[in-house]
Amino acid sequence: MIEVTARLIQGAYLAGELVECAITFTCPPPPQHVQSQGNEQEEILGLASVQIYCRCQISQSQVNQFQSQGVNTATEQAVGFRTTSFAPLNEESSTSNGTTSNTVITSSSHIVSTTKPTILFCDLRLLPGESKTYWYREILPMEGPPSFRGQILRYAYKLTVGTQRIHSLVRMLHVPIKVLVLQEFSDAAILNGTDELTPSNPFLSGQEKESHSDTAFQILQVVTSQRNQKFYNVTHQRGHVVKFCVFKQAYKLGEDIVGSLDFSESNVPCIQYAVSLQSSEELTPEYRTERHRNSISTYSKFHEMVIGYHQAHFVLPVPLHVTPSFHTDLINLKWKLHFEFVISTSSVADLGISPSQPPDPSTMDGKYWQAPTTVNIETMVWDLPIKLYPNLPSYLSQGLQMVTQYKQRI
C-alpha cells in the first residue's frame, strides 16, 4: 500500500501566479507482528503525473447545448496529451478522499483551461517506512475563468495527481484550488501604472522587478480605496422617498459596504427598508434556452424600521467566499445592492409624523408618541450596481481556513 499526500502552500491563487505543491509518496511500515518476520517487500510505482485543469459544469435546462458544442470540441484538445495525461476529467467521478462533490443540477462538463501534464517520476521503489517528496510548480493560465459555483454553471479548478502501480489501474487524487481573476486590469494598464505605484529609491542602482500579481494588486488597492461619494435621490410617483449616499462603488472581498439614508426631505413616509447584497448570473444571449431565467443569489442582508427617522445608515459585509465580478463567453456575473422600501400610501400628516420638523425635547417631558395601529403600505424596489474585486489570495486562504492537504491510499 502507498499513501499519496498533496500539500499546497495556500488554498487560493491569482491567475498567472505560481502554484507550488509538495507531493509525498509514502510506504507505511508493516504491523509489528509482520516486522518480526523480517520480510521487507518493496512497493513499486510505475508512473506519476500532475496536471491542473478548470472544469466547466453547465445546466442542460438553461444552456443551449448545440451552441456550446464548439466550446467542448476546442477545449478537449487541451488534454490530448495521451502519452503523459491521465485524462483527469474522465476519472473525476470516482471518489478520492472527499475531493469530489455531487452536483444538484443536471449538467454536462467540459474543460476550459488546462496546463501541460508534468511527469514526477517513472519506476519509483519504496521500502516499508520509506517516503519520497516531489515539488510540483506550475503557473496558472491567465486566460482562464475564476472559480465559481453558481446555479447556471460552475467553474472548478483541480490539481490532479495520477499514480499508477505496476499491473494496476490509474488512481487520481483531486485537490481543489480557488482561482481569482483580475479581468479589468490588462497587462498594458499594469505596465503603464507601475512607475506611479512603485516607490523608487535613487540610492539603488538597480531594483528587482515586481511580479505581475504584486503590481495588479497595487492597482486594485488604488481603485478600491478611492472614495467617490455619490448621492442618489430615490423617488416615487407621489414624491421624494429618501436621499441615499454611498462612499464608493468598488469593493474587495471581506470589506464592508457602508451607506447612509436621509429622510429629512421626504414627503412619502417610509416605514422600513431592507438592503441586500445580490449577484446576478446573466447568460450570453446565444446560449440561452426558452427556459432560461437570470439567476439571483442573495448574501448579506440588513433591514431597519425607520418610521419617523431623519437619518439611518447600514453596514453590509462582503463575504470572503463569493466570486467577484467577471465575464466569459458563456456568462456575466454582476453584483448589486437591492433595496426594498416599505412606504405608506397615506400622507405624513395622516400618520402624525413630520420628519422635517423634529419635536422639541423640552415639550416632550412625560409624553410619548403612539404609532398608528394600521397603515396602508406598498413596497418599491431599487437596484444599485456595484463592483466586487478579489482580495489577496493569502488573506482568503487564512480567512476561509481552506484545507491545503489531501491524502489518498492506493
Side-chain angles (χ1 to χ4, degrees), residues 10-19 54 113 140-150 153-157 177-194 196-198 210-230 246-259 275-282 296-300 314-328 330-338 383-400 402:
Q10 58 190 31
Y13 296 89
L14 182 67
E17 191 177 2
L18 178 66
V19 177
C54 175
S113 180
L140 289 171
M142 288 288 298
E143 66 277 3
S147 299
F148 175 61
R149 189 177 180 88
L153 60 81
R154 300 173 182 178
Y155 292 112
Y157 281 83
I177 58 177
K178 185 178 182 65
V179 177
L180 309 171
V181 176
L182 291 172
Q183 289 186 333
E184 294 189 7
F185 306 134
S186 62
D187 293 338
I190 292 176
L191 293 176
N192 293 335
T194 302
E196 298 179 1
L197 297 174
T198 305
E210 292 188 347
S211 64
H212 177 277
S213 59
D214 292 339
T215 308
F217 274 107
Q218 287 185 22
I219 299 178
L220 177 62
Q221 182 66 24
V222 173
V223 172
T224 56
S225 62
Q226 290 178 345
R227 291 211 166 195
N228 186 14
Q229 192 174 16
K230 290 188 176 182
V246 65
F247 299 101
K248 60 179 185 177
Q249 291 182 291
Y251 303 88
K252 292 187 296 185
L253 300 184
E255 288 189 335
D256 291 333
I257 302 175
V258 181
V275 56
S276 57
L277 178 64
Q278 292 185 347
S279 66
S280 175
E281 302 176 43
E282 299 180 3
I296 305 295
S297 299
T298 302
Y299 296 92
S300 305
F314 64 87
V315 178
L316 207 61
V318 179
L320 287 174
H321 68 276
V322 301
T323 302
S325 310
F326 78 97
H327 59 87
T328 63
L330 288 174
I331 198 170
N332 188 6
L333 181 67
K334 297 181 178 180
W335 288 89
K336 63 182 178 180
L337 293 178
H338 179 72
D383 293 331
L384 177 64
I386 62 173
K387 280 281 188 179
L388 292 190
Y389 292 98
N391 210 320
L392 292 174
S394 57
Y395 177 76
L396 296 182
S397 299
Q398 296 177 3
L400 296 175
M402 303 181 68

Nearest heavy-atom pair of [X] and [Y]: which atoms, and what distance?
{"X": "Ser147", "Y": "Thr323", "result": "O-OG1, 2.9 Å"}
{"X": "Ser397", "Y": "Ala12", "result": "OG-N, 3.1 Å"}
{"X": "Leu253", "Y": "Pro319", "result": "CD2-O, 3.9 Å"}
{"X": "Leu320", "Y": "Gly399", "result": "CD1-CA, 3.9 Å"}

Let me confirm one number: the [atom1]-[atom2] distance from [X] to [Y], rounded to the nearest 0.5 Å.
{"X": "Tyr395", "Y": "Leu400", "atom1": "OH", "atom2": "CG", "value": "9.5 Å"}
{"X": "Tyr13", "Y": "Ser394", "atom1": "OH", "atom2": "OG", "value": "11.0 Å"}
{"X": "Thr224", "Y": "Leu388", "atom1": "OG1", "atom2": "CG", "value": "11.0 Å"}
{"X": "Phe326", "Y": "Leu333", "atom1": "CZ", "atom2": "CG", "value": "5.0 Å"}
{"X": "Leu277", "Y": "His338", "atom1": "CG", "atom2": "NE2", "value": "12.0 Å"}
{"X": "Phe148", "Y": "Ser279", "atom1": "CZ", "atom2": "OG", "value": "6.5 Å"}

Stepwise side-chain contact (heavy atoms from CB on, under 4.5 Å) test for Gln221 and Lys252: CA-CA 9 Å; Gln221 182 66 24; Lys252 292 187 296 185; 2.7 Å; yes
How about [X] and [Y]: do any of their side-chain heavy atoms sit closer than 4.5 Å?
{"X": "His327", "Y": "Glu282", "result": "no"}
{"X": "Leu182", "Y": "Pro390", "result": "yes"}
{"X": "Lys387", "Y": "Gln249", "result": "no"}
{"X": "Val181", "Y": "Glu143", "result": "no"}
{"X": "Leu316", "Y": "Ser300", "result": "yes"}
{"X": "Pro385", "Y": "Lys334", "result": "no"}
{"X": "Ile386", "Y": "Leu337", "result": "yes"}
{"X": "Thr328", "Y": "Pro145", "result": "yes"}

Verdict with reasoning, Lys230 to Leu384, per side-chain contact (heavy atoms from CB on, under 4.5 Å): CA-CA 12 Å; Lys230 290 188 176 182; Leu384 177 64; over 6 Å; no
Working for side-chain contact (heavy atoms from CB on, under 4.5 Å), residues Ile257 and Val275: CA-CA 11 Å; Ile257 302 175; Val275 56; over 6 Å; no
Aromatic centroids of Trp335 and Tyr299 separated by under 6.0 Å: yes
Chi angles and distances behind the side-chain contact (heavy atoms from CB on, under 4.5 Å) call for Gln10, Lys178: CA-CA 10 Å; Gln10 58 190 31; Lys178 185 178 182 65; over 6 Å; no
With sequence neighbours excluded, residues passing salt bridge (Lys or Arg N to Asp or Glu O under 4.0 Å) with Lys248: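 Applying salt bridge (Lys or Arg N to Asp or Glu O under 4.0 Å) to Lys248 gives Glu255.
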